Participant: 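Quick one: structure below, then a few questions.
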Number of protein chains: 2
Amino acid sequence: MDRKLESLIGRLQEASSRADLQDAVCLLRDHYGVDHVVYHSVNQSEEPYAALTYGPDWVERYIEKDYARIDPVVQGCYQRFQPVDWKQLDWSSRAARSFLGEAISAGVGNQGLSVPIRGPNGQFAMFTVSARAGDDSWHRFTAGHLGDLLLIAHYMNQKALEFGNAPERVPGRQLSPREVDALSLLANGHSRGQASETLGISEHTLRVYIEAARLKLGAQNTTHAVALALSHGLIIL
Amino acid sequence: MDRKLESLIGRLQEASSRADLQDAVCLLRDHYGVDHVVYHSVNQSEEPYAALTYGPDWVERYIEKDYARIDPVVQGCYQRFQPVDWKQLDWSSRAARSFLGEAISAGVGNQGLSVPIRGPNGQFAMFTVSARAGDDSWHRFTAGHLGDLLLIAHYMNQKALEFGNAPERVPGRQLSPREVDALSLLANGHSRGQASETLGISEHTLRVYIEAARLKLGAQNTTHAVALALSHGLIIL
DNA sequence: ACGGCCCTCGCCATTTCTGGGGAGGGAATT
DNA sequence: AATTCCCTCCCCAGAAATGGCGAGGGCCGT
């Protein structure tokens, strides 16, 4: 069992293209005896990428209908750190219910476990396994393989980051301390006047920092600069 | 070996207070025979939290000097997804070198491995093991226990999130689709004019969305609203 | 020692955002 | 069936942010 996990992860680490990741999800599906395995990544300013075992019909419909907006699984993963069992989620709204019904009839399992993954620069991904199963057997399955799934999710994401043209290292130099201060205060709701007062400097000086940060980040305006800094992890709320 | 890992993780999962996490790092240190084990978390609008085996002198000095700003380990973890071996980092600057020297004489090992962890709402943490060792033996150690360390880091962070008064679920109702559109475009650098054009609505209507989102999020201004939405995972860049 | 980046300050004109009014139709929840 | 929320539109005036110019002292790495 453990030996098997090692070999699966080994395969993942040797993957050299996105096609290999596609193979990986199929292997994983067969190994764990589930119906579907899905890896889905959202990278800032990059095409979303997915390796999955769902049929193309469901995928197209999902995209066309922009189901990510109402999919409780996606919503849940955005807000949590731990893996999410689909049953724990809030399916009470009408939209969620009809979505679930459609998903199940499209071949998605009634049970599922999704593990959220976060990377630098605001990268976000989900790794999901889904199956048709009763509550008990599914619970036994997830409890038994949670650690495995976490590791697999990690390595899968690592490879996806590698193959995406995501620059391993961020582009330019970083922000200066003052620039960080300035953006942090703005991100926390201070106006320029308040921020300059807080820092004990003139409002103009503050503007210079914001402008410098804006240029470094390649941002169009202050709000954009704050957003970039946040998702690059350069500042924290 | 694997049995031992399970018991360690089991202990972690049973932890019921931060004191237990402090015990956990000591147990881990002893188990793996390293010099230090450190968990350090930065949560939005919350006191940073750490469980560590460093002596208090070094910790105080680190905080006092604000070494996080120049510590290449911290910088590196902010920008990477994979665990970072300290040797891979850039220690060329004068500040980094003197910092390293001071750290080593304070009892921090010359070798170290830090795994970055990211949670929702911009949460960030690092899990670090450090030891005095030669390159070879250290490399053997990290290669052999990487998977363990990833899992431990994950569970450690999960517990830390639990004990921090971080609300597992964000408050208030969520944003409407249009509000999400609006904030997303602003976060991506569009001005109000551009955003309204992109959405094919009047600029005033866009303003209504922004205003509504601002109120829902309890934000002071647009930039603040975008920052909150981003770090709550309501929008993505 | 030099260049480069960081910190600090000032003034002016233009664009953009903010805050306050009011109004109607539609969809969903209760 | 009623209520609540969502989407859409309009006007106006004051507040705030932006863009561009210039300038000096300090610290750090080559």
Side-chain angles (χ1 to χ4, degrees), chain A residues 66 69-70 90-99 172-187 189-227 234, chain B residues 65-66 69-70 72 90-99 172-187 189-227 234:
Chain A
D66 203 7
R69 274 218 167 119
I70 57 162
D90 175 22
W91 297 93
S92 62
S93 86
R94 175 180 298 181
R97 288 207 155 280
S98 78
F99 163 74
R173 64 227 158 209
Q174 302 189 337
L175 301 180
S176 77
R178 278 314 216 186
E179 287 155 8
V180 172
D181 291 340
L183 290 188
S184 296
L185 288 171
L186 295 183
H190 292 62
S191 70
R192 295 207 305 206
Q194 295 172 308
S196 61
E197 200 178 342
T198 303
L199 293 177
I201 58 179
S202 77
E203 183 173 339
H204 176 83
T205 301
L206 187 82
R207 279 181 51 197
V208 174
Y209 299 146
I210 299 171
E211 191 63 9
R214 201 175 62 73
L215 290 176
K216 284 184 185 174
L217 295 166
Q220 300 294 323
N221 52 48
T222 302
T223 300
H224 193 196
V226 168
L234 300 173
Chain B
K65 290 280 189 175
D66 203 7
R69 276 213 164 123
I70 57 162
D90 175 20
W91 297 93
S92 61
S93 85
R94 177 182 299 181
R97 288 209 154 279
S98 78
F99 163 73
R173 59 207 171 230
Q174 300 191 338
L175 302 181
S176 79
R178 279 313 217 187
E179 287 155 8
V180 172
D181 290 339
L183 290 188
S184 295
L185 288 171
L186 294 182
H190 291 62
S191 70
R192 294 207 304 206
Q194 294 173 309
S196 60
E197 201 178 342
T198 303
L199 293 177
I201 57 178
S202 77
E203 183 173 339
H204 175 82
T205 302
L206 187 82
R207 276 182 52 194
V208 175
Y209 299 146
I210 299 171
E211 191 63 8
R214 200 174 62 73
L215 290 176
K216 284 185 186 174
L217 295 166
Q220 300 294 325
N221 53 46
T222 302
T223 299
H224 193 196
V226 168
L234 301 173

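Worth saying up front: this structure is predicted, and the values here are computed from it rather than measured. Letters go in sequence order (proteins before strands), and every chain restarts at 1.
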Participant: Between Leu206(B) and His190(A), which is nearer to the 5' end of DNA chain D once each is assigned its nearest nucleotide?
Facilitator: Leu206(B)
Participant: Taking the side chain of Val208(B) as heavy atoms from C-beta outward, which of dC9(D), dC7(D), dC9(C) is closest to it?
Facilitator: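 From the listed options, dC9(D) comes nearest.
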Participant: Return the nearest nucleotide to the side chain of Arg178(B); candidates are dC7(D), dT8(C), dG29(D).
Facilitator: dC7(D)
Participant: Should Thr222(B) be listed as having a side-chain N or O under 4.0 Å from OP1 or OP2 of dC17(C)?
Facilitator: no
Participant: If you look at every heavy atom in Ser191(A) and Asn221(B), which pair is closest and at what distance?
Facilitator: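 Looking at all heavy atoms of both residues, the shortest contact is N-ND2, 4.5 Å.
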Participant: Please report the distance, rounded to the nearest Å, between CD1 in Ile70(B) and P in dC5(C).
Facilitator: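 The distance from CD1 of Ile70(B) to P of dC5(C) comes to 20 Å, rounded to the nearest Å.
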Participant: Can you establish whether the number of heavy atoms outside Arg97(B) located under 6.0 Å from its atom CZ is more than 12?
Facilitator: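 No, because the 6.0 Å sphere around CZ of Arg97(B) holds 12 heavy atoms or fewer from other groups.
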Participant: Could you give the CG-to-P distance, from Leu185(B) to dC17(C), as a whole number of Å?
Facilitator: 13 Å
Participant: For dG19(C), take OP1 and OP2 only and decide whether either is under 4.0 Å from a side-chain N or O of Arg214(B).
Facilitator: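 Answer is yes, contact under 4.0 Å.
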Participant: Can you check the Leu175(B) CG to dC6(D) C1' distance for me, whole Å?
Facilitator: 13 Å
Participant: Which whole-number value in Å describes the distance from Arg207(B) CZ to dG22(C) P?
Facilitator: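 It is 15 Å, rounded to the nearest whole Å.
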Participant: Here's a test of your reading of the structure: between Tyr209(B) and Asn221(B), which maps to the more 5' nucleotide of DNA chain D?
Facilitator: Tyr209(B)
Participant: Which whole-number value in Å describes the distance from Glu211(B) CD to dC17(C) C1'?
Facilitator: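 Glu211(B) atom CD is separated from dC17(C) atom C1' by 11 Å.
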Participant: For Glu197(A), enumerate each residue passing the salt bridge (charged side-chain N to carboxylate O under 4.0 Å, His left out) test, keeping only those at least two apart in sequence or located in another chain.
Facilitator: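 Residues passing salt bridge (charged side-chain N to carboxylate O under 4.0 Å, His left out) with Glu197(A): none at all.
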Participant: Atom CG of Leu215(A) and atom P of dG20(D): how far apart are they, to the nearest Å?
Facilitator: 9 Å
Participant: Looking for any heavy atom pair under 4.0 Å, which part of the strands does Thr205(B) touch: base, sugar-phosphate only, or nothing?
Facilitator: base
Participant: State which residue, out of Leu206(A), Leu183(A), Leu199(A), fulfils the side chain to side chain contact (heavy atoms under 4.5 Å, CB included) condition with Arg178(A).
Facilitator: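 Considering Leu206(A), Leu183(A), Leu199(A), a side chain to side chain contact (heavy atoms under 4.5 Å, CB included) with Arg178(A) is found only for Leu199(A).
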Participant: If you compare every side-chain N and O of Ser176(A) against the phosphate oxygens of dC7(C) (OP1, OP2), does one of them come in below 4.0 Å?
Facilitator: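 So the side-chain polar atoms of Ser176(A) do come within 4.0 Å of the phosphate oxygens OP1 or OP2 of dC7(C), strictly under.
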Participant: Between Leu199(A) (CG) and dC9(C) (P), how many Å, whole number?
Facilitator: 10 Å
Participant: Check the phosphate of dG29(D) against Arg94(B), side-chain N and O only, distance under 4.0 Å to OP1 or OP2. Yes or no?
Facilitator: yes
Participant: What is the distance, to the nearest angstrom, from the NE2 atom on His204(A) to the C1' atom on dA17(D)?
Facilitator: 14 Å
Participant: Under the 3.5 angstrom rule, does the side chain of Arg214(B) hit a backbone N or O of Thr222(B) as a donor-acceptor pair?
Facilitator: no
